[in-house]
Amino acid sequence: MAATIRLVDGLVLFLFILIVVKTGADQEILKLQKPRLIKCKFDKIYQLGDSLSDTGNCFRERLCGSNSVCSRPPYGMNFFHKPTGRCSNGMLIIDFIALESGLPLLNPYKLQSANFRHGANFAVAGATALPNEILANKKIVNSALTNSSLSVQLDWMSSHFHTTCSPDCPEKLNKSLFLVGEIGGNEFIYGLSQGKTMDESRRMVPQVVQTIIHGVKRVIGFGTTRIVVPGNFPIGCHPIFLTKFMSNNSTAYDEYHCLKGLNNFAIYYNHHLQQAIDELKKHYPNITLIYGDYYNAFLWLLQNAVTLGKCSKISFVFPIFKVKLLHINGEAKIVIYIYELS
């Protein structure tokens with residue numbers, strides 16, 4: 001399969017080619033013709049997070065799976081041709097990161113019969129950074145009906161490493177990439193949906209951020225040296241939240257018809273997360289710890305949507321992924337671009 005993109009300058013064409021390789025027992029492996037992260041030499045990838053990266057764990061939890069719309073059509077229809085537990089009609093960011101690294105797609109941890117030789121995905125749709133007990137004390141209910149918060153996912157990861165790499169984990173994980181998130185956005189959405197004010201949500205930010213930082217420390221403790229901690233998207237631009245928090249006040253929207261209040265909250269949250277990451281880096285100078293700037297990547301796509309193309313009524317929409325490692329003011333930043341062309 002191939003898709004062609006006209007880039008912003010209107011002259012350069014970028015070609016993305018996906019190859020489907022048949023292996024034994026009629027299994028298919030997806031490979032890119034020219035993986036652009038191959039020089040990083042990742043041999044494994046491990047993912048913690050929520051619906052932005054879940055490849056089938058919620059799907060396999062009784063309550064979460066039965067409650068999730070992602071477990072039934074039309075999810076998965078345009079690429080996998082069936083629901084896989086991904087909250088997408090195609091692939092997710094983590095799928096493209098794996099392919100761009102020359103690795104197979106990550107299997108969900110809950111699929112115990114799966115091959116985890118190249119990593120594992122512990123993310124669960126609807127998951128929060130804070131445990132459900134803490135949310136309950138704040139009178140917030142996890143409406144996705146999953147208890148698989150960040151600490152639970154880290155416990156799964158610990159058990160996984162105990163059986164797969166202990167006691168040599170530092171040596172066996174030294175070429176691995178770990179993604180801690182995105183996670184920590186759902187508790188705010190649940191809270192706001194259940195009547196919490198924006199001020200109450202802002203007061204929760206330090207606790208959520210510190211929970212994520214504690215999770216990063218646990219990941220470092222497993223022996224890894226390369227970690228990406230993504231921030232949140234401009235959630236005020238997401239159709240589901242535009243619908244849920246619709247306003248009759250025109251001043252509530254920006255020039256892209258995104259809700260300014262939600263986007264300002266995401267900026268506030270991301271700022272606190274970045275500050276905490278910067279502080280953590282001082283204590284771990286030998287660890288490559290990078291903030292994943294999902295907010296500005298999404299915003300760039302929105303701002304350049306007309307130039308990049310738009311979805312038509314053709315039934316097949318192919319998602320395109322682009323990753324850049326930028327150095328801004330001496331800091332390494334991963335910027336991920338995702339867009340769709342029919």
Side-chain angles (χ1 to χ4, degrees), residues 3 5-10 50-53 69-70 74-75 77-78 86-93 96 125-126 143-144 181-202 204-205 230-274 291-322 324 335-342:
I5 301 168
R6 177 176 293 178
L7 297 184
V8 177
D9 59 14
D50 55 24
S51 61
L52 294 176
S53 46
V69 296
C70 304
Y75 289 89
M77 63 181 292
N78 286 345
R86 290 169 172 81
C87 293
S88 170
N89 63 337
M91 291 190 284
L92 304 176
I93 295 174
F96 289 105
S143 54
E182 189 275 336
I183 194 165
N186 282 330
E187 41 263 82
F188 301 116
I189 297 304
Y190 297 151
L192 290 168
S193 301
Q194 294 163 24
K196 295 295 183 184
T197 66
M198 197 64 78
D199 283 342
E200 287 175 308
S201 298
R202 284 175 181 260
M204 282 173 55
V205 167
N232 212 335
F233 288 104
I235 54 177
C237 302
H238 290 194
I240 186 172
F241 303 134
L242 284 166
T243 303
K244 186 181 292 289
F245 301 109
M246 186 182 300
S247 173
N248 292 324
N249 182 358
S250 62
T251 62
Y253 298 89
D254 64 15
E255 66 269 35
Y256 303 105
H257 200 72
C258 299
L259 285 163
K260 292 188 286 189
L262 288 176
N263 279 358
N264 287 337
F265 176 78
I267 291 171
Y268 177 83
Y269 168 81
N270 288 339
H271 174 70
H272 278 262
L273 181 61
Q274 284 181 270
Y291 169 74
D293 193 358
Y294 284 9
Y295 188 100
N296 284 302
F298 186 104
L299 204 59
W300 183 88
L301 295 172
L302 192 60
Q303 293 166 345
N304 293 281
V306 175
T307 309
L308 293 168
K310 61 181 180 179
C311 299
S312 71
K313 294 181 179 179
I314 298 175
S315 61
F316 181 77
V317 178
F318 196 87
I320 304 300
F321 166 86
K322 185 176 182 180
K324 283 187 175 181
V335 180
I336 298 174
Y337 304 106
I338 313 155
Y339 40 102
E340 293 182 343
L341 290 178
S342 56

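Here the structure is a predicted model, which is why all the values come from computation and not from measurement. All values below were derived from every heavy atom in this structure, side-chain atoms included, with hydrogens, water molecules and symmetry-related copies excluded.
- With sequence neighbours left out, the side chain to side chain contact (heavy atoms under 4.5 Å, CB included) criterion links L262 to L192, M198, I235, F241, F245, L259.
- A pairwise comparison of heavy atoms in G90 and R86 identifies O-CD, 3.9 Å as the closest pair.
- In this structure, L52 and P230 have side chains that are not in contact, with every pair of non-hydrogen atoms separated by 4.5 Å or more.
- Counting all heavy atoms, side chain and backbone alike, Y190 lies closest to A144 at OH-CB, 3.4 Å.
- Under the side chain to side chain donor-acceptor pair (under 3.5 Å) criterion, E200 pairs with T197, sequence neighbours left out.
- To the nearest 0.5 Å, atoms CD (E255) and CG (L302) are separated by 9.0 Å.
- For residues 237-251, the pairs satisfying side chain to side chain donor-acceptor pair (under 3.5 Å) are N249-T251, with sequence neighbours left out.
- Shown here are the side chain to side chain donor-acceptor pair (under 3.5 Å) partners of S51, two or more places apart in sequence or in another chain: there are none.
- The closest side-chain heavy-atom distance from N232 to F265 is not below 4.5 Å.
- Note: N296 CG to F233 CZ = 11.5 Å, rounded to the nearest 0.5 Å.
- Among residues two or more places apart in sequence or in another chain, the side chain to side chain contact (heavy atoms under 4.5 Å, CB included) test is passed with Y268 by R202, V205, H272.
- Of all heavy-atom pairs spanning L92 and S88, the tightest one is CD2-CB, 3.6 Å.
- Taking the ring-ring contact (aromatic ring centres under 6.0 Å, His included) definition, one finds that Y256 meets it with nothing, sequence neighbours left out.
- Partners of Y269 under the ring-ring contact (aromatic ring centres under 6.0 Å, His included) rule, at least two apart in sequence or in another chain, are F188.
- Listed by chain and number, the residues in a side chain to side chain contact (heavy atoms under 4.5 Å, CB included) with P234 are C237, N263, Y295, F298 (sequence neighbours excluded).
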